[in-house]
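Report on one structure; see the data block that follows.
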Amino acid sequence: MDQSNCSCPSIEFDKKKEILKQLCIDFDYPSGLVELIQEKKIFEYLGYQFTSEGAAYSDGRIVIYYDPAMTEARMACCLAHELQHQRYFAVQKAFNLEPIDGPLHERFAAFSSHCLSDERGISAYSEEHWRAWQGASLPVLFSDEFSIGQSEPINETIAEIAKAYYNWGRIDWIPQHWQDLYQSINEEYKNLDMREGDAIVS
């Protein structure tokens, strides 16, 4: 039996791991929290099957599912999407921990459910989450969307904006309300990161 090609999949996987590690450096995110795994993640939703490219967890971990056909550009877009979920999770946690009259509540008060639902998704993927929403009322910013409505319209729309920004270098074609929310989340994420850094130093 010819064994000459047996290592090829492993070599390609290792190459993709190195690419992902470099992307983490480019994105200034700890590579130890990002893992490429040799698994095909298929999930069923509303009677349809979907293949997942990546997943973000609220503890900071990110998983990218290995696909031999995934180019470096596609992997970068996937990572940009998942990293935006991490920023969202961090601000969401801080928002939900502070009192209702706290500074984050004040800053994000303008982003009402009605305003966001009027613009809906900015991509086919995020629009799917808006169509799939099963909540009794509109999705609410920084709520546990999936538990309430079995989809994540707001979270996924913000992540798709990050992907679009990485891919095109601009988001001026996206509705202003969504641009403002994306910018606000990222600014507050930086503020949180700076405060955590100050706490570590002290």
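As a basis for the values below, the full set of heavy atoms in this structure was taken, side chains included, without hydrogen atoms, waters or symmetry mates. Numbers here are sequence positions counted from 1.
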Give the intermediate values and the outcome of side-chain contact (heavy atoms from CB on, under 4.5 Å) for residues D118 and H177.
-> CA-CA 10 Å; D118 283 347; H177 206 59; over 6 Å; no
Dump the intermediate steps for side-chain contact (heavy atoms from CB on, under 4.5 Å) on I185 and Q84, then the final yes or no.
-> CA-CA 9 Å; I185 287 172; Q84 190 61 41; 3.9 Å; yes
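The closest donor-acceptor contact from the side chain of E145 to the backbone of N155 lies under 3.5 Å. Checked by atom type and distance alone, the side chain of Q179 pairs as donor or acceptor with a backbone atom of I171 at under 3.5 Å. Judged purely by atom type and a 3.5 angstrom limit, N167 has no side-chain atom pairing as donor or acceptor with the backbone of K163. Of the possible donor and acceptor atoms, one in the side chain of H129 sits under 3.5 Å from a partner among the backbone N and O of E152. Checking side-chain atoms of K16 against main-chain N and O of M75 turns up no donor-acceptor pair under 3.5 Å.
Ring-plane geometry between H81 and Y125 is classed as perpendicular, the angle between the planes exceeding 60 degrees on a 0 to 90 degree scale with a lower cut at 30.
With sequence neighbours excluded, the residues forming a side chain to side chain contact (heavy atoms under 4.5 Å, CB included) with D180 are F111, Q176, listed by chain and number. Residues passing the salt bridge (charged side-chain N to carboxylate O under 4.0 Å, His left out) test with R120 are E127, sequence neighbours excluded. Remark: F142 engages Y88, F95, F108 in a ring pair (Phe, Tyr, Trp, His ring centres under 6.0 Å) (not counting sequence neighbours). Among residues two or more places apart in sequence or in another chain, the side chain to side chain contact (heavy atoms under 4.5 Å, CB included) test is passed with I122 by S126, T157, E160, I161, W173, I174, P175, W178.
Rounding to the nearest 0.5 Å gives a distance of 9.0 Å between CH2 of W168 and SG of C77. Separating the CG atom in L141 from the NE2 atom in H105 is a distance of 9.5 Å, to the nearest 0.5 Å. With rounding to the nearest 0.5 angstrom, the CG atom of L181 is 9.5 Å from the CG atom of N186.
Of all heavy-atom pairs between L138 and S113, the closest is CB-CB, 3.8 Å. Between W130 and P139, the shortest heavy-atom contact is CZ3-CG, 3.5 Å. When all heavy atoms of A55 and Y65 are compared, the closest pair comes out as CB-OH, 4.0 Å. Of all heavy-atom pairs between C115 and A110, the closest is SG-O, 4.3 Å. Minimum heavy-atom separation, I64 to M70: CG2-SD, 4.3 Å. Between A56 and F89, the shortest heavy-atom contact is O-CE1, 3.9 Å.
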Name the atoms and distances for all side-chain donor-acceptor pairs under 3.5 Å in residues 19-39, with sequence neighbours left out.
{"unit_1": "Q22", "atom_1": "NE2", "unit_2": "D26", "atom_2": "OD1", "d": "3.0"}
{"unit_1": "Y29", "atom_1": "OH", "unit_2": "G60", "atom_2": "O", "d": "2.6"}

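Y189 places none of its side-chain heavy atoms less than 4.5 Å from the side chain of Q86. Contact check for Y66 versus E12: side-chain heavy atoms found under the 4.5 Å cut-off. No side-chain heavy atom of I148 sits less than 4.5 Å from a side-chain heavy atom of V140. V63 is not listed as a side-chain neighbour of E82, based on a closest heavy-atom distance of 4.5 Å or more.
For residues 92-115, the pairs satisfying salt bridge (Lys or Arg N to Asp or Glu O under 4.0 Å) are R107-E187, R107-E188, with sequence neighbours left out.
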